[in-house]
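Take a look at the structure set out below.
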Amino acid sequence: MSQTKPYRVSHLDALEAESIFVMREVMAEFERPVLLFSGGKDSIVMLRLAEKAFAPARIPFPVMHVDTGHNFAEVLEYRDQRVAGLGLNLVVASVQEAIDSGHVRELPDGTRNRIQTPVLLAAVEKYRFDALFGGARRDEEKARAKERMFSFRDEFGQWDPKNQRPELWALYNGRHHPGESIRVFPLSNWTELDVWHYIAKERIPLPSIYYAHDREVVERDGMFYAVNEFIRLRDGETSEVRRVRYRTVGDASQTAAVLSEADTVDKVIDEVAATRITERGATRGDDKVSEAAMEDRKREGYF
Amino acid sequence: MSQAVLENETAPSARMDLLRFATAGSVDDGKSTLIGRLLYDTKTIFADQLEAVEAASASRGDEYTNLALLTDGLRAEREQGITIDVAYRYFATPKRKFIIADTPGHIQYTRNMVTGASTADLALILVDARKGLVEQSRRHAFLTSLLRVPHLVLCINKMDLVDWDKAVYDKIADEFTSFAAKLEITDLTIIPVSALNGDNIASRSENSPWYDGPSLLHHLEHVHIASDRNLVDVRFPVQYVIRPQSTTVTDYRGYAGQVASGVLKPGDEVMVLPSGMTSTIAAIDTADGPVDEAFPPMSVTVRLNDEIDISRGDMICRPHNAPAVAQDIEAMVCWMDETAPLRVGAKYAIKHTTRSARTVVRGLQYRLDVNTLHRDEQADGLQLNEIGRVRLRTTVPLLADEYRRNRTTGGFILVDESTNRTVGAGMIIEAQ
Ligand SMILES: Nc1nc2c(ncn2[C@@H]2O[C@H](COP(=O)(O)OP(=O)(O)O)[C@@H](O)[C@H]2O)c(=O)[nH]1
Ligand SMILES: [Mg+2]
């Protein structure tokens, strides 16, 4: 092959091209796709990729937020602004409403991670969504490392890790029967650092809590939780104001912040590159339960 | 554990290359240990992961930190101490980002190796220095060549257990080299290592003064992959037609897709298959603006100067360099379904580039024994993990190239129309 130019493609460009390919593939092969958008950084990046995949047309599907009711105000505000700016249709699947109407029951410990799964599945059924874009990455967690780009779910939304479709080349198999669906993970091959490099490259605005700010926090098991309506001081605990930022944004009652001075995207990148603890290990109470906590939740239909 | 020192300690940047590789080896050859070692030496393993692995190792009674537990993520895998499914791992050095497809080695997992190898730039095969080449090593080498993975690395592992004996290395290396020569493997690198101790993994080891090749990581960082892409044959499978329904953008009609091969430029004369109509490229758009050229693996949107009817599954190519428009396909097929074998006369759904169709199996020339490469011409079907040469007839023409020339336009999958499972992977030998 004679070649005068290198035709170089950086890893970020290659990842972007792959994600865009996946999104277009879904749009071409499914009837009712929806993109899960929480206002968290991964879903924000996914939304940007959707914008780029279909430009100059608008994003041709709605977005959905499974709202645990435990939110950071900054993130909700961002969500609404972004959705309005892109002229998108937002579906909110509310865990609080499901509790109020008796569809799900609040757990004794008040955490809502697990009970959001039935709420998600009910929304999928109601709107007959057949493809759901999620922002999960394989580097996040070891059960996720085995996840496919197109992940088949039966009519109960369940994942069967031992019975996954082989995924060859870029030939994704989205076939399914009515009532079944496919979870699609366009960011499968991205790492936390890739996401941040992309946010920098694309100059994507983020909710302010992703950057260092002063916040009243309480330290529990080495993690720093914001003291607010969801997390109250227990007997014997004291709070303090520390400079923190969030690495992930999940349920506000279970997501912890990390101590940080990084108040710009470049400083965050430096911190992420140097950090010695995984994103979920540093910030998510929900994954610490057992070695297979994520695998079990995914089997039930969690993202 | 000895702490290897990286040659260049700066952080990964935003402009690295991407290299995908697949690993293969028999059970206990040290594959999980090797991957754990690469992650550890490139500082990809985080403190909390290491803690979890240390705790899990201790509770299993392992005498050392079992880095294999890093990659065995499913409950059943940890319980049985085996790897069940393809797992993907990521690490980066300042030069490259790496995606590892970690595929289990047992015979029943040929399916997984084929899956991992389908997208790999490089395959890494492990053997145990004490055992030498085994049946599975040959099978892994064969699958590497069948899937046309451009680069192959053989790691001769556990050299510490043979006292770093050069003669042991030479014997295995010679035997493998002559076997590989029969397989059209173009780029082979052989490295003596100890995955457990980190010798020749991230840096050259003093235990092998007789070895003058690179460390594994150095090789992974420097192996030349840019020219593995086919930049000659223009192939642009149309994925999706973009036609904005808006008042601000009118009359826009763009063909979205990912460049499979070749280089496209505005002004180029192109032909659209299967219609055979010709036009010229008006513009190549991306969300960041138009570009002067598009090449693999870019995802772009192509606009043409003439209004011709084009839809998903069509292919843009050049008038004098076009793929076959073919309904009769000869291919090597790897069968991936445990519930039913491939049978002559059976019908399946087929997906090839962005085109979907139906197909019937017209014939099975032979089944290949992946260990001996013996051809069984009496075979009447392919069971799970078996590979054979198959003749297919499709309902509509495929726009196809030989797999050896083009891994994107030469590969396809077969899907069971009732269960919707992906049941076969095909590599086209001939299309007409
Ligand atoms: N002495 C020695 N033992 C090794 C080496 N690499 C792996 N092992 C051991 O070989 C066994 C199998 O390793 P593992 O990584 O689980 O193999 P896998 O089945 O290929 O993933 C474990 O007990 C490892 O500690 C090596 O280079 N030297
Ligand atoms: Mg293993």
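Throughout, a chain's letter reflects where its sequence line sits, starting with A, and its residues are numbered from 1.
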Quick one about A/N189 and B/Y88 (side-chain donor to acceptor, distance below 3.5 Å, no hydrogens or angles considered), yes or no? no

Please report the closest heavy-atom contact between A/V9 and B/F295, naming both atoms and the distance. CG2-CE1, 3.5 Å

Chi angles and distances behind the side chain to side chain contact (heavy atoms under 4.5 Å, CB included) call for B/L231, A/Y7: CA-CA 9 Å; B/L231 296 172; A/Y7 294 109; 3.5 Å; yes

Please step through side chain to side chain contact (heavy atoms under 4.5 Å, CB included) for the pair B/K97 and A/L15, ending with a clear verdict. CA-CA 11 Å; B/K97 171 187 167 109; A/L15 290 173; 4.1 Å; yes

Judged by modelled atom types alone, do A/N173 and B/R421 share a side-chain donor-acceptor pair under 3.5 Å? no

Rounded to the nearest 0.5 Å, what separates atom OH in A/Y172 from atom CD1 in B/I413? 10.5 Å

Assert top hit (heavy-atom pairs under 4.5 Å, partner chain B, pool A/E18, A/R58, A/R24, A/H177) equals A/R24

For A/R183, check side chain to side chain contact (heavy atoms under 4.5 Å, CB included) against everything at least two apart and list the hits. A/L120, A/L121, A/L132, A/S151, A/R153, A/F185, A/F303

All salt bridge (charged side-chain N to carboxylate O under 4.0 Å, His left out) counterparts of A/E25, not counting sequence neighbours: B/R312, B/K351

For B/L19, is it the side chain, the backbone, both or neither that has a heavy atom under 4.5 Å from a heavy atom of chain A? neither

Measure distances from B/R96 to the heavy atoms of chain A and classify the residue's part below 4.5 Å as side chain, backbone, both or neither. neither

Check whether B/S418 gets within reach of chain A through its side chain, its backbone, both or neither, counting any heavy atom under 4.5 Å. backbone

If you count heavy-atom pairs under 4.5 Å with chain B, which of A/R175, A/K201, A/E180, A/M27 comes out on top? A/R175

I'd like to know if the side chain of B/S118 and the backbone of A/L168 have a donor-acceptor N/O pair within less than 3.5 Å. no

Tell me which of these, B/T408, B/D288, B/T286, B/T354, has more heavy-atom pairs under 4.5 Å with chain A than the rest. B/D288

CZ/A/R148 to OG1/B/T422 distance, rounded to the nearest 0.5 angstrom? 9.5 Å

Do A/P166 and B/N112 come within less than 4.5 Å of each other through their side chains, counting heavy atoms only? no

Among residues 50-57 of chain A, residues within the sub-4.5 Å heavy-atom range of chain B, in order of number, are A/K52, A/A53, A/F54, A/A55, A/P56, A/A57

Interface check, chain B: of A/E29, A/E202, A/E147, most non-hydrogen pairs under 4.5 Å belong to A/E29

Heavy atoms only, distances under 4.5 angstrom: which of A/A28, A/G174, A/A170, A/P60 has the most pairs with chain B? Name it, please. A/A28

To the nearest 0.5 Å, what is the distance between CH2 (A/W169) and OG1 (B/T409)? 11.5 Å

Leading residue by heavy atom contact count with chain A [cutoff under 4.5 Å; candidates B/T119, B/T115, B/T301, B/V114]: B/T115

Chain A: which of B/G254, B/P297, B/S356 shares the most heavy-atom pairs with it under 4.5 Å? B/P297

Before you tell me yes or no, could you show the steps for A/R8 and B/D17 under side chain to side chain contact (heavy atoms under 4.5 Å, CB included), namely the whole-Å CA-CA distance, both residues' side-chain angles and the distance that decides it to 0.1 Å? CA-CA 8 Å; A/R8 190 158 182 270; B/D17 303 324; 3.2 Å; yes

Does a salt bridge link A/D139 with B/R89, judged by any charged N lying under 4.0 Å from a carboxylate O? no

Against chain A, label B/Q245 side chain, backbone, both or neither, depending on which of its atoms sit under 4.5 Å from a heavy atom there. neither

Heavy-atom pairs under 4.5 Å with chain A - which of B/V300, B/D285, B/V241 has more of them than the others? B/V300

Please enumerate all residues that pass salt bridge (charged side-chain N to carboxylate O under 4.0 Å, His left out) together with B/R148, with sequence neighbours excluded. B/E184

Exceeds 12 heavy-atom contacts within 6.0 angstrom, atom CG of B/D251: no

About how many Å separate CZ of A/F21 and OH of B/Y240, when rounded to the nearest 0.5 Å? 14.5 Å

Which atoms of A/D270 come close to chain B, meaning under 4.5 Å heavy atom to heavy atom: side chain ones, backbone ones, both, or neither? neither

Close side-chain approach of B/Y90 and A/R137, heavy atoms under 4.5 Å: no

Is a side-chain N or O of A/H176 found less than 3.5 angstrom from the main chain of B/N420, in a donor-acceptor match? no

